[in-house]
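Taking it in order: structure first as structure tokens, then the write-up.
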There are 2 protein chains.
Amino acid sequence: MADINNKTPGDDEIRQAIELLFFAYRDFVADPDKVLADYESPKGSLGRAHHRVIHFVGRNPGMTVAELLQILQITKQSLARVLRQLIDEGFVVQERGPEDARQRLLYLTAKGEALETALSTPQRARFRRLFEKAGPEASRSFRTLLLELINEDERDQVLTLIARKQQTSP
Amino acid sequence: MADINNKTPGDDEIRQAIELLFFAYRDFVADPDKVLADYESPKGSLGRAHHRVIHFVGRNPGMTVAELLQILQITKQSLARVLRQLIDEGFVVQERGPEDARQRLLYLTAKGEALETALSTPQRARFRRLFEKAGPEASRSFRTLLLELINEDERDQVLTLIARKQQTSP
DNA sequence: TAAACTAAGTCAATATGGCTGACATAAATA
DNA sequence: TATTTATGTCAGCCATATTGACTTAGTTTA
């Protein structure tokens, strides 16, 4: 009776993994949500969308708007509101591209870096606890499986992105 | 220079895991999103919120509204709109609780089951591919680490929930 | 060089999924 | 009986996303 709804053997483990991913992600994003809720900014509050921008710009200083759009997979109109707010409030600055002057290269300000740290600290703590408990082998295997969960045609791109060495500031 | 922004050793692996989780979840939820986009219902379209309800009611037939709220961690007003739509369109039915007549026990209809299958099929396929490639040991370790990513005080509850044996229909 | 394309920004309208607060009903319990 | 609990509902608000149309400036190409 336990397998009443399972289509093939192993489906129960698969379903459990699907639910675990849901709960893990739910708690994982709840950390920075709490930080943002406490953070009162002048022009409207900051949300998850701002967090994602802060994260990726912090990690990839000098990235273009187009690159950011590709990562977030949202429309430029959606990004516009968020990015405008972050720029207006001094978390992010833009520089015109030295090669291609149409591009706007994005950087965090010191204020932006501070927010990035505040947001990522609880998330890093969550993973650090995990990796310390599980050991290096399981941790490596965890990252490998996460990577293979990503659409096949984007894996190389993601690998390149996350392995990219940190560049210097503007 | 590679560790310029790292606070402690291992931070680079941690940051990579954080980004991988973001991308993995992004692609993971994109599967059912596509299914839902194709699914034209009479009174407004269905979204992720409906998917989550369909999933958990499908997995836990006879669950109460309170249990569902606890899992989703949203307000009852947020759930109300989604649940009302699913009931009105015949995906979900309610039964008054036999012990406690205030409760409304939730079940999927045949139509609801069909939608659940359509939504979960691509997600299951994604995980099946993964688990077949990685082998049982890595797969087990993956689930263990996902579980430990969840808030400590909720882990037992989640374990109980996902390990629960499938019950019979109303 | 003129035409075409590209990177980015903007305006407007709309959908979805959350939230708070207030209040209602019915059933269980102290 | 009085209170608490499970659920539902109304109203308004906010954050995040969408599509479509259009602009500006800079690059590329025919």
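If you're wondering where the values come from, they're calculated on a predicted model, not measured in any experiment. Worth knowing before you read on, the calculation uses all heavy atoms, side chains too, and leaves out hydrogens, waters and symmetry mates.
- In terms of heavy atoms, B:Pro98 sits closest to B:Leu105 at CD-CD1, 3.7 Å.
- Salt-bridge check for A:Arg143 with B:Glu13: failed, with every basic side-chain N at 4.0 Å or more from each acidic carboxylate O.
- Between the CG atom of A:Leu46 and the C1' atom of D:dA15 there is a distance of 11 Å, given to the nearest Å.
- Distance A:Gln103 CD to C:dC5 P: 20 Å, rounded to the nearest Å.
- Shown are A:Val53, A:Asn60, A:Ile74; of these, the side-chain contact (heavy atoms from CB on, under 4.5 Å) with A:Leu68 is made only by A:Val53.
- When distances run from any side-chain atom of B:Ser45 to the nucleotides C:dC19, C:dT16, C:dA8, the shortest one goes to C:dT16.
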What verdict does the side-chain hydrogen bond (donor to acceptor under 3.5 Å, both in side chains) test give for B:Arg126 and A:Asn151, after you've listed the backbone C-alpha separation in whole Å, the side-chain angles of each residue and the deciding distance to 0.1 Å? CA-CA 9 Å; B:Arg126 191 179 282 267; A:Asn151 288 340; 2.7 Å; yes
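- Closest to the side chain of A:Arg84, out of D:dA17, C:dG9, C:dT10, is C:dT10.
- The minimum heavy-atom distance linking B:Leu36 with B:His51 is given by the pair CD1-CB, 4.1 Å.
- For D:dT16, the OP1/OP2 oxygens have a side-chain nitrogen or oxygen of A:His50 closer than 4.0 Å.
- Contact annotation: A:Arg96 side-chain N/O to D:dG26 OP1/OP2 distance is under 4.0 Å.
- Taking atom CG of residue A:Leu69 and atom C1' of nucleotide D:dT16, one finds them 15 Å apart after rounding to whole Å.
- Here the nucleotide nearest the side chain of A:Asp100, chosen from D:dG26, D:dA17, C:dA27, is D:dG26.
- Position along DNA chain C of the nearest nucleotide to A:Leu105 versus B:Ala101 favours A:Leu105 as the more 5'-ward residue.
- Counting any heavy atom pair closer than 4.0 Å across all strands shown, A:Gln94 reaches sugar-phosphate atoms only and no base atom.
- The distance between atom CG of A:Leu72 and atom P of D:dA17, rounded to the nearest whole Å, is 8 Å.
- A residue-by-residue look at A:Gln85 and A:Gly97 shows that A:Gln85 has its nearest nucleotide of DNA chain D further toward the 5' end.
- Atom C1' of nucleotide D:dC14 and atom CG of A:Leu36 are separated by 15 Å, given to the nearest angstrom.
- Distances shorter than 4.0 Å separate none of the side-chain N or O atoms of A:Thr75 from OP1 or OP2 on D:dA17.
- Using a 4.0 Å heavy-atom distance criterion, B:Glu99 is classed as a sugar-phosphate-only contact.
- Side-chain atoms of A:Arg102 and base atoms of C:dT6 include a donor and an acceptor less than 3.5 Å apart.
- Side-chain atoms of A:Arg81 lie closest to D:dA15 of the nucleotides C:dT20, C:dA7, D:dA15.
- Between A:Tyr25 and B:Phe28, the distance separating the two ring centers is not shorter than 6.0 angstrom.
- Atom C1' of nucleotide D:dT7 and atom CG of B:Leu106 are separated by 11 Å, given to the nearest angstrom.
- Heavy atoms of B:Glu67 sit nowhere under 4.0 angstrom from any nucleic acid atom.
- Residue B:Ser78 places at least one side-chain N or O closer than 4.0 Å to OP1 or OP2 of C:dC19.
- Counting atom types as modelled, A:Gln77 pairs a side-chain N or O with a base atom of D:dG20 as donor and acceptor under 3.5 Å.
- B:Leu79 has its CG atom 8 Å from the P atom of D:dG8, to the nearest Å.
- Side chain of A:Lys76, nearest nucleotide from D:dT7, C:dG9, D:dT16: C:dG9.
- Of the candidate nucleotides D:dT16, C:dG17, D:dA17, D:dT16 has the atom lying nearest to any side-chain atom of A:Arg48.
- As rounded to whole Å, 12 Å separates atom C1' of C:dT16 from atom CG of B:Asp33.
- Remark on DNA chain D: of its neighbouring residues A:Gln73 and A:Pro98, the 5'-side contact belongs to A:Gln73, judged by nearest-heavy-atom nucleotide.
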